[in-house]
Amino acid sequence: MSNLRFSAVEAAISRDKRPAVIAAGEKASSYFGKNVFTVKKMKEYLPKNVFAKLTSVIEAGEAIDFDLAEHISQAMKSWAISNGVSHYTHWFQPLTGATAEKHDAFFEPGGDGVAIEKFTADALVQQEPDASSFPNGGIRNTFEARGYTGWDPSSPAFIYETGGSKTLCIPTVFLSYTGEALDYKAPLLKTLNALDKAAVDVAQYFDKGVEKVFASLGIEQEYFLVDLALFNGRPDLQLTGRTLFGHMSAKGQQLEDHYFGAIPERVLAFMVDLEQEALKLGIPLKTRHNEVAPSQFECAPMFEEINLAIDHNQLLMNLMDQVALRHNFKVLLHEKPYADINGSGKHNNWSLITNTGINLLSPGKTPKNNLMFLTFFVNVIRAVYEHSDLLRASIATASNDHRLGANEAPPAIISIFLGSQLNAVLDEVETARVAKKVKADSQLWHGIPKIPTLQLDNTDRNRTSPFAFTGNKFEFRAVGSSANSASPMTVLNAIVAEQLIKFKVEVDKQIKKGTKKDLAILNVVRKYIKESKAIRFEGNGYSKEWEDEAAKRGLSNIKTTPRALDVYVSEKTEKMFESLGIMTKREGEARHEILLENYFKKIQIEARVIGEIVNSSLVPAAITYQNELIENVKGLKDLGVKASAYKSQSELLERIGEHINIILEEAEAMRQERKKANVLEDVRDKAIAYDENVKPYFDKIRYHLNKLEQIVDDRKWPLPKLRELLFVR
Ligand SMILES: NC(=O)CC[C@H](N)C(=O)O
């Protein structure tokens, strides 16, 4: 078999289909967190008095001083070295979307041929990577390259093992020399403080015992697996993460036989391996299953504190990639690797939890608790209503644009699904007659409907909703599978913090005027319910009626990234981020520029790959077959066979010729549009040009290539077909 396709198919077919699952041989609980420098391990490695000091610092939420950092660095070093670690690195999340690391050895020569293993507080707390080589939106120039990574003690250090080498990874933020955030983590951490303060202030209306509120997050991660050899046979998958052409396999997901089906053994072996590695890193993976599309799967951990959950998800994506290779699989985290079947999301399940263990988005059993629930619930709705465009922007990428609006992924219109029960509750609160003057507490509660205890997930499911309430949390479903969740979660935390601050101002104003506290709260809650009604939608998010209705309600429907991102630099957004101390105007502008740049570069790469595949691979294959047909028809004619006997062959020849011609014409026209876009100076103009003038060619070219794929001799088609990518495993 000569061509790459057939050798790839052969390699994929001959893999061991029933590999033995490598079991850890121990209970998962015995190795959970084995590679994490947990508080328990710190206790083991730190002197008693130092550990006591650390505990009190953590409890008070104070900063760790240098002396304490010195002790921790020594403890960390001893723990790491006793586990066979040779190097350490600051592990950070630049705006590339991936994680970054630069390793340094503990080893240090001392002179006289002796050497020691060294790690100091300095090395733990701060490092200096080159900031200009990372996306920085003009904040850093090549000649002023300095940037800093700074230790985030709220996320524990861990040992990452790869290729027999072990590295101590220290989670850090990444800032420019001038102090601007150049990463996803720094703004997220800032939102946590803002949210904590705003939520505590409101929670104290109900419970003076609440001293801390944190956001929790559980991230469902969808992904595709494809055999490594087949993946390597597709330059488009390799370079862009998605197939840019390929006729849909005759059998796709239409029989719905894959979802929750039995997991193929080869895939299961990968999953078990992944879970074991994840658990060692303290990532609490709990769920695994087949997703809807063929070769699509999902894994999900238990929820955690939001900063940790996001670090863990970033780590998990690395781990998935690494572990998959051991099984000769490639993990596809792209939102839409295959055009006509489901794409992949990263559903973010978000809630608010108090230090007293109360989930503020879980309806309570008593009327008082219900009012607390309603307060937070309605404030989140109001916040999403107010900043829906910003939430849309927070999930906008070139790859997610392909996913939104079809195949169980939410549309670009942001709306909230509450489920019939809670919708009815809000309607009741809105219209209930509440006594103007409350003599006794008991009277007030007439205005608050009894909320039935909602079991987790007992609300109906609406897969077309971007933001759905699921019993005791909100699920932001629009987040793409390859995203760093810190982007949408920074926005969500911030807008809710801003909203809670406004709420308290309004309630306090009423209290000052003499309204009883609970009534004042209820008044403002009712006002918010009325104001934010437009964002609530229970129906089919894909329908044309909803598009029209949403437009009438004033909700925006921005389908592609370049324009969706505009809101990042709107006055409203800048004011919100600045007033909460999360991002300065300059940081916002830099982010906007980085995202636009990322967008046009992604489309530019796709366009180039299409050009290359068309010209050097698929069109030549079609021409080879066309030549065979020409010979065939000529031969028949020469033999004197009557024309009606090769009429279809002649027509086939014509069809092939027409498709080839259109493909070549369109590819050339696309190249010309690219050239025009490339000379545009302004990055927004460039991104829009790529979106509106270059991208439309993709589907046109794909259409004709797919037609060719169906008629050209299968033996001559050089690149793996979708049916092979999706079903050979
Ligand atoms: N079953 C599901 O939840 C499918 C979700 C879908 N894959 C998405 O893109 O979000």
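As a basis for the values below, the full set of heavy atoms in this structure was taken, side chains included, without hydrogen atoms, waters or symmetry mates. First listed ligand is number 1; within each ligand, the first listed atom is number 1. Along the sequence shown, residues carry numbers from 1.
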Item to check | Subset of ligand 1 atoms that lie under 4.0 Å from at least one heavy atom of Glu291 | outcome: 1 (N), 2 (C), 4 (C)
Next on the checklist: Pairs of nitrogen or oxygen atoms closer than 3.5 Å, one from Gly343 and one from ligand 1: do any exist?
Outcome noted: yes
Item to check | Among Lys346, Arg403, His289, Glu408, closest by any non-hydrogen atom to atom 4 (C) of ligand 1 | outcome: Glu408
Checklist entry - Listed by chain and number, what are the salt bridge (Lys or Arg N to Asp or Glu O under 4.0 Å) partners of Glu298, not counting sequence neighbours? => result none
Next on the checklist: Using ring centroids (six-membered ring only for Trp), state whether Phe474 and Phe377 fall under 6.0 Å.
Outcome noted: yes
Next on the checklist: Is it the case that the side chains of Asn493 and Trp350 hold a donor-acceptor pair, with the cut-off being a distance below 3.5 Å and no angle test?
Outcome noted: yes
Checklist entry - Among side-chain atoms of Gln296 and Asn342, is any donor-acceptor pair under 3.5 angstrom? => result no
Checklist entry - Does ligand 1 have any atom sitting under 4.0 Å from a heavy atom of His347? => result yes
Checklist entry - Taking only residues two or more places apart in sequence or in another chain, which ones pass salt bridge (Lys or Arg N to Asp or Glu O under 4.0 Å) with Arg234? => result Asp236
Next on the checklist: Judged on heavy-atom distance to atom 2 (C) of ligand 1, which of Glu475, Arg463, Glu220, Lys336 sits nearest?
Outcome noted: Arg463
Checklist entry - Which atoms from ligand 1 have a heavy atom of Ala409 less than 4.0 Å away? => result 9 (O)
